[in-house]
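Keep in mind that what you see is a predicted model, and the values were worked out from it rather than measured. Reminder, nothing fancy here: chain letters follow the sequence lines and each chain counts from 1.
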Amino acid sequence: MKFQAPKGVSEYFPDRSIAFETVRRELIRPAKLAGYKLLELPIFEDTELFTRGVGESTDVVSKEMYTFEDRGGRSITLRPEGTAGVMRAVIEHGLDRGQLPVKVWYSGPYFRAERPQAGRYRQFYQVGIEAIGLDDPAIDAEVIAIASAGYRNLGLRKFRLDITSLGDAASRAAHRIDLVTFIAKLDLDEATRERVKLNPLRIFDDKRDPIIAMLRNAPLLIDYLTKESAAHFVKVKEYLDALGIAYTINPRMVRGLDYYTGTAFEFVHELLGAQSGIGGGGRYDGLMESLGGKNLSGIGFGLGIDRTLLACEAEAIDLTKTSRPDLYVIPLGENAKNFAIKFIDDLRNGGAIVDCAYGDRALKGAMKGADKSGAKYALVIGGSELASGIGELKNMETGVASSVTLSAINSALLK
RNA sequence: GUGGGCGUAGCUCAGCUGGUAGAGCACCCGGUUGUGGUCCGGGAUGUCGCGGGUUCGAGCCCCGUCGCUCACCCCA
């Protein structure tokens, strides 16, 4: 029996794991700069939180959840997305009692039992933020700007931002009547008809050309916005313009989760395959109340770490440089090793990245190790260095070595 | 859940009309005393995904099975 990882999970190991770590850090950074605070939540929750929060009509709930019964007979589900859990925590612990909005960020694994393919995994990673309790369009723009900054920090260029407004309940009710009437006249197959019954908007998600053609003159939700919703959307666009963030209005955009209202957005990368959405989010003004909390509005996003990493790779962005050692130490003999252990520890405590050729390797092999580690400098410590206190610090890039007093080597010198 | 492609050394792959496995990269050792990258020499490595069948003989053919992968669906 040879063990394998479960189907469809993503795993990261060197050197790709270094890039993964960088992606996560850079996507989080703009949120921290904007005052969002970490929320660390469980990866499993009461199943009903998701069926009510995400929506029964979604594929996520109807066929993609990892659900099981725990030993107490409770129905538990591995979280398929982050927002519902945040709402639960905010309501349960009264985080919304202080100043609004509540601004939080979070990151971790999510689970959906889908058939895997490029950029789609059963366990995948996201960075998310939520701003709860403020319906000012400026916060919509802030959330979008934070996501956009994360991608730009990484050096990504070949992506676009799609935005639309799904309006408030009144907007959607008016549109739904006309859309259902329109769809009823179309010649659709059984499966599509069934799918659309629960949420007619999903018809716009169809990728088949004949269907897309049929929808050319379909009524668009964005044309049914109430005065308030329309005004809100106008302000969001103005703020994005002021921020210099380019966007495309996409009135046919469909979000996968039912709780979205008003502003909705998606970041789409040009070089990825079928799974090209690297992040998305929107407003969810009725969610909190529907989960038993106060009637507070909210907006947030989820950014896919796995897909963002794929996007960086597609754009040939190297994210592995940061973790290469500053110094690679090669001790020769037991006395040198005794000295090196403390010498290295001091440098590390000073903030330098230091690796060492332990294991009494031959000098030549150890030098190869230094080379492969990508270290900036190599330092051999043997009998003569111990006796004189002076070593040859070799710059691995230029090949030039210079005499340095060992006691003078510190992290600043190596950086 | 549906469909296509693919499963041979750690990685990428070759293996002609069936005759009991190869390359490159990576790895280890060496090229006369303590300094890497290039070059040269040497070395280790596989139940050819798994099970069954056909055959004197199967990595190659047939059946099944598992897995990976890409796409549909859907989405991060």
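A close approach under 4.0 Å does occur between a side-chain nitrogen or oxygen of A/Gln117 and OP1 or OP2 of B/rA71. Between A/Lys394 and the phosphate of B/rG36, there is no side-chain N or O to OP1/OP2 separation shorter than 4.0 Å. A sub-4.0 Å separation between OP1 or OP2 of B/rG67 and a side-chain N or O of A/Arg115 is absent.
Among the heavy atoms of the strands lying under 4.0 Å from A/Arg112 is at least one base atom, whether or not backbone atoms are also near. Heavy atoms of A/Glu397 sit under 4.0 angstrom from at least one base atom. Contact annotation for A/Gly273: backbone-only contact, meaning every heavy-atom pair under 4.0 Å involves sugar-phosphate atoms and none involves a base. Using a 4.0 Å heavy-atom criterion, one finds that A/Ala118 contacts the sugar-phosphate atoms exclusively. Counting any heavy atom pair closer than 4.0 Å across all strands shown, A/Ser384 reaches a base atom. Looking at heavy-atom distances under 4.0 Å, A/Gly383 makes contact with a base. Backbone-only contact: A/Glu64 has heavy atoms under 4.0 Å from sugar-phosphate atoms and none from a base.
In terms of position on RNA chain B, the residue among A/Lys368 and A/Asp306 whose nearest nucleotide sits closer to the 5' end is A/Lys368. Along RNA chain B, the nucleotide nearest A/Tyr121 and the nucleotide nearest A/Leu332 are compared for position; the residue whose nucleotide lies closer to the 5' end is A/Leu332.
Taking the P atom of each, B/rG22 and B/rU54 are spaced 29 Å apart, rounded to whole Å. Taking the C1' atom of each, B/rU20 and B/rC25 are spaced 28 Å apart, rounded to whole Å. Nucleotides B/rG7 and B/rG59 are separated by 15 Å at their P atoms, to the nearest Å. Comparing the C1' positions of B/rC56 and B/rC39 gives an interatomic distance of 49 Å, to the nearest angstrom. A gap of 12 Å separates the C1' atoms of B/rC60 and B/rA21, to the nearest Å. B/rU47 and B/rA9 are spaced 7 Å apart, taking the P atom of each and rounding to whole Å. Spacing of C1' atoms, B/rA44 relative to B/rU33, comes out at 28 Å, to the nearest Å. Rounded to whole Å, the separation between the P atoms of B/rU2 and B/rC13 comes to 28 Å.
For RNA chain B, each stem of at least three Watson-Crick or G-U pairs (distances under 3.5 Å) is given as range with range: B:1-7 with B:66-72, B:10-13 with B:22-25, B:27-31 with B:39-43, B:49-53 with B:61-65.
Ranking B/rA76, B/rC73, B/rU35 by closeness to the A/Glu385 side chain, first place goes to B/rU35. Side-chain proximity of A/Leu363 to the nucleotides B/rC73, B/rU35, B/rA71 is greatest for B/rU35. The side chain of A/Met396 lies closest to B/rG36, out of B/rC75, B/rG36, B/rA71. The side chain of A/Glu392 approaches B/rU35 more closely than any other nucleotide in the set B/rU35, B/rA76, B/rA71.
At distances below 3.5 Å, not a single donor-acceptor pair connects side-chain atoms of A/Ser229 with backbone N or O atoms of A/Leu225. In this structure, the side chain of A/Glu315 engages the main chain of A/Lys158 through a donor-acceptor pair within 3.5 Å. Between the side chain of A/Arg79 and the backbone N or O of A/Pro109 there is at least one donor-acceptor pair closer than 3.5 Å. Remark: side-chain polar atoms of A/Thr263 are not paired, donor with acceptor, to backbone N or O of A/Ser165 under 3.5 angstrom. Checking side-chain atoms of A/Arg307 against main-chain N and O of A/Gly119 turns up a donor-acceptor pair under 3.5 Å. Remark: side-chain polar atoms of A/Ser411 are not paired, donor with acceptor, to backbone N or O of A/Ala352 under 3.5 angstrom.
Residue side chain A/Glu266 does not reach the base of B/rA76 through any donor-acceptor N/O pair under 3.5 Å, judged by distance alone.
Judged purely by distance below 3.5 Å, without hydrogens or angles, the side chains of A/Tyr66 and A/Gln123 never pair a donor atom with an acceptor atom.
Two rings, from A/Tyr151 and A/Phe159, have their centers less than 6.0 Å apart. Between A/Phe111 and A/Phe124, the distance separating the two ring centers is not shorter than 6.0 angstrom.
Stacking between A/Tyr125 and B/rA76 is absent: the aromatic ring centre is not both under 5.5 angstrom from the base six-membered ring centre and within 30 degrees in plane angle.
For the pair A/Arg252 and A/Phe204, the cation-pi criterion (under 6.0 Å, within 45° of the ring axis) is not fulfilled.
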Stepwise salt bridge (Lys or Arg N to Asp or Glu O under 4.0 Å) check, A/Asp162 with A/Arg160: CA-CA 7 Å; A/Asp162 281 6; A/Arg160 67 164 204 274; 2.8 Å; yes
Residue pair A/Arg120, A/Glu114: steps toward the salt bridge (Lys or Arg N to Asp or Glu O under 4.0 Å) verdict: CA-CA 8 Å; A/Arg120 190 174 69 187; A/Glu114 302 176 272; 3.6 Å; yes
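Between the P atom of B/rG37 and the CG atom of A/Asn395 lies a distance of 16 Å, rounded to the nearest Å. Atoms NZ (A/Lys364) and P (B/rC40) sit 13 Å apart, rounded to a whole Å. We find that CD1 of A/Ile278 is positioned 12 Å from P of B/rA76, with the value rounded to whole Å. Per the geometry, CG belonging to A/Leu393 stands 14 Å off C1' belonging to B/rG36, to the nearest Å. The CZ-P distance, from A/Arg120 to B/rA71, rounds to 9 Å in whole Å. Per the geometry, CD belonging to A/Glu114 stands 12 Å off C1' belonging to B/rC72, to the nearest Å. A/Met253 has its CE atom 14 Å from the C1' atom of B/rA76, to the nearest Å. Taking atom CD1 of residue A/Ile212 and atom C1' of nucleotide B/rC73, one finds them 14 Å apart after rounding to whole Å.
Residues from residues 371-380 of chain A with heavy atoms under 4.0 angstrom of RNA chain B, sorted by number: A/Asp371, A/Lys372, A/Val380.
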